[in-house]
Amino acid sequence: MSPTLDISIVVSVYNEAEGLAHFWDELKKQLSSDPNSYEVIFVNDGSLDGSVQKLETIYQSQKPSNVSVKLIEFSKNFGHESAMIAGIDHSSHGAIICMDADLQHPVEKIQELVNAYKSGHDIVLTKRMSRADNGMMKNLLSRTFYSLLNSVSDLKFSSNSTDFFLISAQVAGILKENFRDRNRFIRGFIQQIGFNSTTVNFDAPARAFGESSYSLKQLFSLAVGAVFAYSNKPLRISILLSIVFILFTLALAVYSLYEYFNGDTPPSGYTTIIIFLSASFSALFVVIAILSMYFEKALIEQRNRPIYIVKKVLD
Ligand code: UDP
Ligand code: MG
């Protein structure tokens, strides 16, 4: 018989009170039929709906012999990415699996992730083949997100990747030590970090309880953040834009001088001036906006504020 493994499962929780008990039942059922030893780390990301009480009940409840539970409570809502990082920071076992608490990441797939890890993969990513509860708008947005990200970044991110993944202790160590950016996109990090990786496919069921807490606004800011965190292409685009305008200006200057000295009547030029000025200013503002985005991101990193603040740990 192969030796058993130690695995931590990080579960981010934000306003999941309604579904937590069901999630825990399903997870327990899954893990108790598994020979490996599991530490389940629930990270309560400042829930406002009684998720804390549900988590404390789970913490005190009877657990299968191969399962232990840890509870990390944030002082306020810091976001899903921060919750995952906190879980990874607090894990004491070997490999780590991150997953959502809403059962949209099927617990049955844990076995498949662990098997891929056992067969020598340091990173096991998952790919969502379908998503039952996504409307046209969110699907379209998600596709646009990835094509935008890929077109303006130097790295290529696979679409439909999710925050359901397994990383070895070594990769977790790298995330803990070296990937402490305030502007994080862990799913992106682990796709670019190298190592031996593989992908497992799954179908995401609709949320059984509650509702998705990612608003369109949050998705948009995640996308913008990811672009500026992963790419200098916008900077290069702004240089290109400047070159185009220099050439445009030169051509206009040559044309105006030629007309002035050789034309029968000097050009009146009002329309040209208006169009030229508004186009130049728009381009200038775009360049300034791009620079400001990088400047803002740099300031945020430089301030070095904590990624999350822990209020309480139950271990
Ligand atoms: N979540 C979190 N902090 C947040 C928002 C969400 O920890 O600020 C958790 C949430 O409880 C869930 C996971 O992150 O376990 C994914 O969130 P959600 O289901 O709302 O996102 P979606 O599945 O729609 O992408
Ligand atoms: Mg979800």
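Model, not experiment: these values are computed from the prediction. When a ligand or atom number is given, it counts from 1 through the structure's own listing order.
Under a 4.0 Å criterion applied to the non-hydrogen atoms of Asp102, ligand 1 contributes the atoms 19 (O), 23 (O). Less than 4.0 angstrom separates some heavy atom of Asn77 from each of these atoms of ligand 1: 3 (N), 4 (C), 8 (O). Heavy-atom proximity to Gly79, at under 4.0 Å, picks out these atoms of ligand 1: 3 (N), 8 (O). Every atom of ligand 1 is numbered from 1 in the order shown, and the set under 4.0 Å from a heavy atom of Glu16 is 10 (C), 11 (O), 12 (C), 15 (O). Which parts of ligand 1 touch Ala101 is read off a 4.0 Å heavy-atom cut-off, strictly below it: atoms 15 (O). Residue Gln104 has at least one heavy-atom neighbour below 4.0 Å for each of these atoms of ligand 1: 19 (O), 23 (O).
Looking at His80 against ligand 1, both its backbone and its side chain come within 4.0 Å, counting heavy atoms.
Around atom 4 (C) of ligand 1, the closest heavy atom drawn from Asp100, Leu20, Asn15, Asp45 belongs to Asp45.
Ligand 1 has no N or O atom lying under 3.5 Å from any N or O atom of Ala83, backbone or side chain.
The closest side-chain donor-acceptor pair between Thr162 and Thr126 falls under 3.5 angstrom. Using modelled atom types and a 3.5 Å distance limit, the side chains of Asp45 and Asn77 yield a donor-acceptor pair.
Taking the Mg ion (ligand 2) as reference, Asp102 places its N/O/S atom OD2 nearest.
Hydrophobic clustering, with ILVMFWY side chains joined whenever heavy atoms are under 4.5 angstrom apart, groups Leu314 together with Ile58.
In this structure, Phe164 and Phe202 have perpendicular ring planes: the angle between them is above 60°, well past the 30° mark. Classification of the Phe285-Phe281 ring pair by plane angle, with boundaries at 30° and 60°, yields tilted.
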Ser51/Glu16 under side-chain hydrogen bond (donor to acceptor under 3.5 Å, both in side chains): CA gap, chis, key distance, verdict = CA-CA 6 Å; Ser51 296; Glu16 303 280 3; over 6 Å; no

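Aromatic ring centres of Tyr59 and Phe42: separated by at least 6.0 Å.
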